[in-house]
Amino acid sequence: MTTAPPLPHAPVLDWFAEHARDLPWRRPEAGPWGVMVSEFMLQQTPVSRVLPVYEQWLARWPRPADLAAEPPGEAVRAWGRLGYPRRALRLHAAATAIAERHGGEVPSDHAQLLALPGVGEYTAAAVASFAYGRRHPVLDTNVRRVFARAVTGVQYPPNATTAAERALARELLPEDEARAARWAAATMELGALVCTARTPDCARCPIAAHCAWRAAGSPAHDGPPRRGQSYAGTDRQVRGKLLAVLREATGPVPQRALDAVWDEPVQRARALDGLVADGLVEPLADGTYRLPLT
DNA sequence: GACTCGTGGGT
DNA sequence: TACCCAAGAGT
């Protein structure tokens with residue numbers, strides 16, 4: 001057991017009280033379902049691109065049961081170009097589970113949240129904390145970066161979340177429940193607005209004076225390269241093109257319409273098979289394809 | 001642990 | 001221009 005290095009809560013909480021963005025899922029009317037929808041959409045996706053889709057989604061499906069009542073393909077279509085469309089499928093599946101097992105109410109219990117499709121450690125903690133004010137360490141990429149710098153004194157956290165990071169996050173969590181929930185949101189916001197990955201704005205940072213990384217002279221990242229994500233020419237790109245055709249179609253799509261998006265037949269077939277295997281695309285008996293009805 | 005899974009804006 | 005990277009989850 002190590003002792004947590006000093007990192008005062010008050011400056012971060014005060015900064016958050018003054019500078020927090022007015023995001024729709026932070027308003028009281030969003031409710032737990034709004035928080036959950038936002039968390040799914042924000043997985044690996046910037047706020048600016050989530051905003052319009054979120055508004056349309058909540059207007060169309062104001063409760064989990066509303067979404068569950070529709071085919072999963074409608075969720076995939078409404079997902080639009082947010083990326084990683086399996087999230088849409090999982091959100092639909094989560095809504096179905098909530099309607100069937102939880103009386104239509106998003107659970108507040110961390111373990112019950114974690115059992116839902118598409119809900120991992122981060123999202124379970126985020127929903128419990130932001131929607132219900134529960135006390136959980138919320139470790140997303142922003143918080144990990146803030147702690148890596150302010151406490152550990154390095155520019156970037158490890159590629160994968162470590163046990164040490166989890167332990168640190170738990171040690172730094174305020175005892176008071178409501179305060180812990182605000183701390184979670186505040187540290188995330190600090191990472192998103194000030195302690196950014198590329199060019200941190202230390203002049204505006206409320207804990208610059210306590211930052212171990214600054215104190216060490218802001219040393220450059222030292223360690224294994226942070227693996228980049230290639231995209232051009234990958235199956236992911238082909239899947240994206242195939243699904244875009246299906247999203248925009250009103251009826252079943254013939255094979256030739258899909259063949260037109262990529263000229264390499266082996267990769268094209270592999271991508272399409274993958275989409276079918278994932279449940280994102282439904283092949284029909286006559287050789288056409290559509291977004292899934294079941 | 002290493003990999004896969006979309007998309008687009010910022011630098 | 002060519003990267004970098006954005007509130008992760010599942011296998």
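Chain letters run A, B, ... following the sequence lines, proteins first and then strands; every chain starts at 1. Side chains included, hydrogens not; waters and symmetry mates left out as well; all remaining heavy atoms used.
- Donor-acceptor pairing under 3.5 Å is lacking for the side chains of A/Ser218 and A/Arg149.
- Among the atoms of the strands shown, only primed sugar atoms or phosphate atoms (P, OP1, OP2) are found under 4.0 Å from some heavy atom of A/Val119.
- Side-chain nitrogen and oxygen atoms of A/Arg90 include none within less than 4.0 Å of the OP1 or OP2 phosphate oxygen of C/dA9.
- Side-chain polar atoms of A/Tyr122 and A/Glu39 form a donor-acceptor pair below 3.5 angstrom.
- Using a 4.0 Å heavy-atom criterion, one finds that A/Arg247 contacts the sugar-phosphate atoms exclusively.
- Separation of the A/Trp57 and A/Trp79 ring centroids falls under the 6.0 Å cut-off.
- Nucleic acid contact class of A/Gly83 (heavy atoms, under 4.0 Å, all strands): base.
- Side-chain atoms of A/Arg49 come within donor-acceptor range of the base of B/dT7, with a qualifying N/O pair under 3.5 Å.
- Among the atoms of the strands shown, only primed sugar atoms or phosphate atoms (P, OP1, OP2) are found under 4.0 Å from some heavy atom of A/Glu121.
- A/Thr141 comes within 4.0 angstrom of sugar-phosphate atoms only, judged by non-hydrogen atoms across all strands, and of no base.
- If you check every strand for non-hydrogen atoms under 4.0 Å, A/Leu114 touches nothing.
- With hydrogens and angles ignored, a donor-acceptor pair under 3.5 angstrom links the side chain of A/Thr45 to the base of B/dG6.
- Salt bridge present: A/Arg239 and A/Asp278 bring a charged side-chain N and a carboxylate O closer than 4.0 Å.
- Nearest-nucleotide assignment on DNA chain B puts the 5′-proximal partner with A/Ala160, out of A/Arg87 and A/Ala160.
- For C/dA7 and B/dG10, the P atoms lie 14 Å apart once the distance is rounded to whole Å.
- Nucleic acid contact for A/Phe130: none, since no nucleic acid atom lies under 4.0 Å from a heavy atom of the residue.
- A/Leu243 comes within 4.0 angstrom of nothing in the nucleic acid, heavy atoms only.
- Base contact: A/Arg198 has a heavy atom under 4.0 Å from a base atom.
- For A/Ile207 against A/Pro11, the heavy-atom pair with the smallest separation is CG2-CB, 4.1 Å.
- A/Arg21 comes within 4.0 angstrom of a base, heavy atoms only.
- Distance check on atom P: C/dC3 versus B/dG6 gives 22 Å, rounded to whole Å.
- Among the protein residues, A/Phe40 comes within range of no part of the nucleic acid, since none of its heavy atoms lies under 4.0 Å from any strand.
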